[in-house]
2 protein chains.
Amino acid sequence: MPQGAPRPRRAAATIEEVARAAGVSRQTVSNALNAPQRVRPDTLARVRAAIERLGYRPDQSARALRTGARRTLGYLAPVDDPYDPNPLMAGFLEALVDAAAAAGYRLLLFRPAPGTTDARPAIDELIAARQVDGLVLADVLREDPRVAHVARTGVPFATFGRTGPGEPQHWVDIDNGAATAGVVRHLADRGHRRIAFAGPAGEALPWMAARRAGFAAETARLGLTAALPGAGSPPAAAASGSGVAQLRALLQGPDRPTAVAAGSDLTALAVYEAVRAEGLVVGRDVAVVGFHDTPLCRHLHPALSSVRLPLRAIASGLVGLLLAQIRGESVRGEGLVLSTELVVRASSG
Amino acid sequence: MPQGAPRPRRAAATIEEVARAAGVSRQTVSNALNAPQRVRPDTLARVRAAIERLGYRPDQSARALRTGARRTLGYLAPVDDPYDPNPLMAGFLEALVDAAAAAGYRLLLFRPAPGTTDARPAIDELIAARQVDGLVLADVLREDPRVAHVARTGVPFATFGRTGPGEPQHWVDIDNGAATAGVVRHLADRGHRRIAFAGPAGEALPWMAARRAGFAAETARLGLTAALPGAGSPPAAAASGSGVAQLRALLQGPDRPTAVAAGSDLTALAVYEAVRAEGLVVGRDVAVVGFHDTPLCRHLHPALSSVRLPLRAIASGLVGLLLAQIRGESVRGEGLVLSTELVVRASSG
DNA sequence: CTGTTAGCGCCTTCAT
DNA sequence: ATGAAGGCGCTAACAG
């Protein structure tokens, strides 16, 4: 592992130079930056002019060393399963960077060491090197070892997805059940009576289980005929084509569903394929709704209705939870549940 | 903008504590870490044991302040156009994080201030605060103001995509022309004589122009009939459906192309739609090849052949270029051109 | 309201 | 091979 290296770099302005340029002491410059109300207005103006002129910004390392605040948040990048890619990765990351920046923080990305799946060593490194003030974890599972581990270290953290009952409830989540229930109501409004849910079964992925449960509950409430393929297609099945085969079986017979709620946009794509393979037409014979509202939706024909996630609100919520902890305010409560928005397009219009 | 905040945190081990625990002085611990050959083996072992026991890692801020090396690289996250999303964002970022980590560096994400598109102020902030040792820029255009700006600051940088002729040639790029030429050869091998290119025209996106040029050159060389819709569909066109309309026009008549090389996987999806709309079958009547090899490829029916980018090699190349500059080795040469791999699936098999 | 003093944790001379 | 100073740039305490 290569270690330290000399690093020639053009000298950057220091607080000392600003102080000299403004004819004040270093401390006054520091005050002008961190406690402006303590500095006389005219002095403040002079200092600020000098700062502007020299392009001065405090050295973040020096400041961090002195104050202990790194002004940096760590984000554990999810391991990207090519068969079931995280559809939000890009959009969510951008929202998170912006939310952090709005609070004066930077975002540091990290991952388990290549070839490894256990993120805990990487988490420990980051904490031990004091590189971050807090951590964001996404795609949190029910008994997530990462959550338990970070909780043990005492470092502020917040999760996208609910934590276990015995763990700190510093999470933001969308209401997956309500989202799918909304999809069901939308389809019922359009006159559909027989509706299917397409997506992996099982409890492995809490968000998917919640979508499925919301679907089941709402169809029951409305007295609709619900088709919930029990075997479920694990993510890999969709890739091998068996997911489509299963969906085709679902779409056969006179009592076939006239609408399908999919657990993700990629699953909705598989539904499109199955519908076509059965000689039916999406949007006319079978309505389809996806989940995530990825760019794919607009590129499909007909355009795919989908559930849009409030990515910016999620990101702000996570950063807010982290800031509260960093400031030492003991955050209490049950986490933050955000609602989604159904974007209706031609596939279910 | 909220500023500095107190930050209670469990005390972490310091070099002083390790020294005491190992019965040596601080410098010896430092040496054990940064110049192990200077420390007697048994002392080294004792120090390492103490480090292990206390979970000590040097405080990165202190080390950075002292040495000037931040051991952090900045990555300017591309502005995500929902109509033309960066299909590599997730996969490339992961590769970049891993490549940086392998060299002992972290990756810091940053973006233009929300509502802004000019990245230069954000770049300046990062540099002035001395938070990074180098920068990575992606999706570089021909006369990219970001490149010119960073070059002026003197901070090490490397780009994914070629820089202008007057600028430092610290770039890594794929051979877009050769990639499309390879697609043409593949299709010619399969017996296709009339081949079309689907993708936006114009010189705005250098990578797309290069793909188009490679297509034109190779079809000419092989004496094939090439269809290159000149008007080109700007990214937004695909979303509005006019892209598909244009492609449908292309697929009409007895002399229609029997194969289509697409400039991206999403464009290939539009080709699928157009082929079907014309009553043709992808893979039988019309072969299709995409670009990027996104997860979408495996989810389509038939599965989409596509050009796979060597993301890990690109990432390693970028990090390598940065390290060389950071070490002060004057990097010379013409940038690094990497070749792609055509993944053949049912759509062109 | 401004200036002085001290030290955050670490690494680089220099001396032993 | 190891130990003793000094200082990177900054800010929190206190002195004036």
Side-chain angles (χ1 to χ4, degrees), chain A residues 3-9 11-47 50-51 54-71 127-131 133, chain B residues 3-9 11-20 22-48 50-51 54-71 127-131 133:
Chain A
Q3 283 292 343
R7 197 212 35 153
R9 175 82 58 89
T14 163
I15 197 172
E16 184 73 49
E17 297 168 10
V18 175
R20 242 194 325 264
V24 297
S25 76
R26 298 186 318 194
Q27 187 52 32
T28 303
V29 179
S30 177
N31 284 339
L33 239 40
N34 304 313
Q37 74 285 0
R38 290 188 172 185
V39 181
R40 218 186 323 151
D42 59 325
T43 311
L44 189 58
R46 220 168 58 244
V47 172
I51 288 175
L54 298 176
Y56 169 75
R57 304 285 295 172
D59 181 313
Q60 185 51 39
S61 296
R63 179 181 259 193
L65 177 60
R66 187 61 182 87
T67 65
R70 265 56 186 169
R71 307 200 78 75
I127 293 174
R130 273 137 294 177
Q131 297 206 113
D133 300 312
Chain B
Q3 284 292 344
R7 197 213 35 151
R9 176 80 59 88
T14 164
I15 197 172
E16 183 72 50
E17 295 169 10
V18 175
R20 243 195 324 265
V24 297
S25 75
R26 300 185 317 193
Q27 297 65 10
T28 304
V29 178
S30 178
N31 284 339
L33 237 41
N34 304 313
Q37 73 285 359
R38 290 189 174 186
V39 181
R40 218 187 322 154
D42 59 325
T43 312
L44 189 58
R46 218 167 61 243
V47 172
R48 284 190 169 149
I51 287 175
L54 299 176
Y56 168 75
R57 304 284 297 172
D59 180 313
Q60 185 51 38
S61 296
R63 178 182 262 193
L65 177 60
R66 184 63 182 83
T67 65
R70 267 54 187 170
R71 306 200 79 74
I127 293 174
R130 273 138 294 179
Q131 297 207 113
D133 300 312

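Protein chains get the first letters and strands the later ones, always in sequence-line order, with residue 1 at the start of each. Computed from a predicted structure; not experimentally measured.
- Between A:Val29 and A:Val18, the closest heavy-atom pair is CG1-CG1, 3.8 Å.
- Residue contacts shown for A:Thr28 are limited to sugar-phosphate atoms, with no base heavy atom under 4.0 Å away.
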*Taking protein heavy atoms under 4.0 Å as touching, what does nucleotides 9-16 of chain D look like 5' to 3' if B marks base contact, S marks sugar-phosphate-only contact and - marks none?*
BBBBB---
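- Atom CG of A:Leu65 and atom CZ of B:Arg66 lie 12.0 Å apart (nearest 0.5 Å).
- In this structure a side-chain-to-backbone donor-acceptor pair under 3.5 Å is present from A:Arg130 to B:Arg57.
- Between B:Arg70 and A:Ser61, the closest side-chain pair of non-hydrogen atoms falls below 4.5 Å.
- A distance of 12.5 Å separates CD in B:Glu17 from CD1 in B:Ile51, rounded to the nearest 0.5 Å.
- Chain A approaches DNA chain C over the interval C:dC1 to C:dG9, counting the first and last nucleotide 5' to 3' with an atom under 4.0 Å from its heavy atoms.
- Rounded to 10°, the angle separating the first-five-pair axis and the last-five-pair axis of the helix from C:dC1-D:dG16 to C:dT16-D:dA1 equals 40°.
- Nearest approach of B:Arg63 to B:Pro58, heavy atoms of both residues: NH2-CG, 3.6 Å.
- Scanning all heavy atoms of the two residues, the minimum distance from B:Thr14 to B:Tyr56 falls at C-CE1, 3.7 Å.
- Considering CG of B:Leu33 and CG of B:Leu44, their distance stands at 9.5 Å, rounded to 0.5 Å.
- The CD1 atom of B:Ile15 lies 7.5 Å from the CZ atom of B:Arg26; values are rounded to the nearest 0.5 Å.
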*Worked check of side-chain hydrogen bond (donor to acceptor under 3.5 Å, both in side chains) between A:Gln27 and A:Ser25*: CA-CA 5 Å; A:Gln27 187 52 32; A:Ser25 76; over 6 Å; no
